[in-house]
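Below you'll find the structure, written out as structure tokens, and then a few comments.
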Amino acid sequence: MIRLNDVTKVYPNGSKGVEGLNLHIKKGDFVFIVGSSGSGKSTLIKLLLKELDPTSGEIIINRVKTNELSRRQIPYLRRNLGVVFQDFRLLPNKTVYENVAFAMRVIEAPSRIIRRNVPAVLALVGLGQKGRSYPNQLSGGEQQRTALARAIVNNPPILICDEPTGNLDSKTSADVLGLLQRTSREFDQTLVMITHNNAIAQLADRIVRIEDGKIAG
């Protein structure tokens with residue numbers, strides 16, 4: 001599902017975000033990418049989302065060579081990717097239901113499909129009674145569950161989570177991680193989680209450690 005072949009990213013100031021990365025992630029894998037602050041994790045996320053282009057090397061996502069995509073084609077690539085961020089990134093003036101539905105409207109899903117899928121996904125993540133609530137009326141865990149529902153509602157084959165439990169307490173973090181495991185299995189998704197927390201990484205099928213922009217070990 002994801003292949004990085006000898007990928008290097010050099011920033012304009014000459015610093016290297018990542019260097020010589022070779023990473024192959026298969027369909028259905030649950031992979032944790034761990035590393036300290038400044039290790040290259042953020043660069044890797046931006047490369048996967050095509051917010052950055054590699055200086056050299058090749059990135060293939062769901063059989064698409066991202067290096068060869070035009071700007072116009074990037075939104076179609078991102079339809080294969082559900083993304084959950086540490087800071088939730090919910091729309092504050094929209095309800096839980098509207099936040100999740102927005103992800104479907106972006107890809108021009110029919111209204112009848114939105115009306116069917118959004119309640120089902122909210123129920124799946126334990127927010128079936130929160131559809132009319134606004135983000136500021138939710139706990140941190142509920143906000144992250146909303147962000148997860150938004151990420152999976154279009155059933156993307158790949159789910160990328162960038163420090164999804166970084167702002168949550170330990171119990172809520174465990175709940176969200178358990179939910180991620182269940183939903184990724186439910187939707188047969190490839191799950192890539194970026195984190196600096198070595199303790200939670202033990203839940204993964206596989207751990208990839210990044211140090212100084214390179215895969216360690």
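The figures that follow rest on heavy atoms only: side chains count, while hydrogens, waters and symmetry mates do not.
- Neither Tyr134 nor Val125 shares a network with the other; the hydrophobic side chains, linked directly or stepwise wherever heavy atoms of I, L, V, M, F, W or Y lie under 4.5 Å apart, form separate groups for each.
- Listed by first and then second residue, the salt bridge (Lys or Arg N to Asp or Glu O under 4.0 Å) pairs involving residues 81-97 are Asp87-Arg89 (not counting sequence neighbours).
- No side-chain heavy atom of Thr195 sits less than 4.5 Å from a side-chain heavy atom of Ile33.
- Residues satisfying the salt bridge (Lys or Arg N to Asp or Glu O under 4.0 Å) test with Glu51, not counting sequence neighbours, are none.
- For the pair Leu47 and Thr66, the minimum side-chain heavy-atom distance is 4.5 Å or more.
- Listed by first and then second residue, the side chain to side chain donor-acceptor pair (under 3.5 Å) pairs that reach into residues 7-21 are Tyr11-Thr43, Asn13-Ser15, Lys16-Glu19, sequence neighbours excluded.
- A donor-acceptor pair under 3.5 Å is absent between the side-chain atoms of Gln144 and the main chain of Val176, judged by distance alone.
- Every residue was checked against the side-chain hydrogen bond (donor to acceptor under 3.5 Å, both in side chains) condition with Ser37, not counting sequence neighbours, and none meets it.
- Partners of Lys27 by salt bridge (Lys or Arg N to Asp or Glu O under 4.0 Å), not counting sequence neighbours, listed by chain and number: Asp188.
- With sequence neighbours left out, Asp53 forms a salt bridge (Lys or Arg N to Asp or Glu O under 4.0 Å) with Lys50.
- Pairs engaging residues 160-172 under the salt bridge (Lys or Arg N to Asp or Glu O under 4.0 Å) rule: Lys171-Asp175 [sequence neighbours left out].
- Closest non-hydrogen pair, Gln143 versus Leu90, comes out as O-CD1, 3.7 Å.
- Among pairs with a residue in residues 115-131, those fulfilling salt bridge (Lys or Arg N to Asp or Glu O under 4.0 Å) read Lys130-Glu142, at least two apart in sequence or across chains.
- The salt bridge (Lys or Arg N to Asp or Glu O under 4.0 Å) test applied to Arg185 returns Asp205, not counting sequence neighbours.
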Donor-acceptor pairs are to be reported for all side-chain atoms of residues 56-65 against protein atoms at under 3.5 Å, with residues two or more places apart or in another chain.
{"unit_1": "Glu58", "atom_1": "OE1", "unit_2": "Asn5", "atom_2": "ND2", "d": "3.1"}
{"unit_1": "Asn62", "atom_1": "ND2", "unit_2": "Asn80", "atom_2": "OD1", "d": "3.1"}

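- Heavy-atom neighbours of Phe102 CZ from other residues, nucleotides or ligands within 6.0 Å: at or below the threshold of 12.
- Among residue pairs with one or both ends in residues 143-155, none qualify as salt bridge (Lys or Arg N to Asp or Glu O under 4.0 Å); sequence neighbours excluded.
- Scored by the side-chain hydrogen bond (donor to acceptor under 3.5 Å, both in side chains) test, Thr95 finds Glu98 as partners (sequence neighbours excluded).
- Residues Leu138 and Leu122 are members of one and the same hydrophobic cluster, defined by side-chain heavy-atom contacts under 4.5 angstrom among Ile, Leu, Val, Met, Phe, Trp and Tyr.
- In the hydrophobic cluster analysis, where Ile, Leu, Val, Met, Phe, Trp and Tyr join through side-chain heavy atoms closer than 4.5 angstrom, Val7 is grouped apart from Val10.
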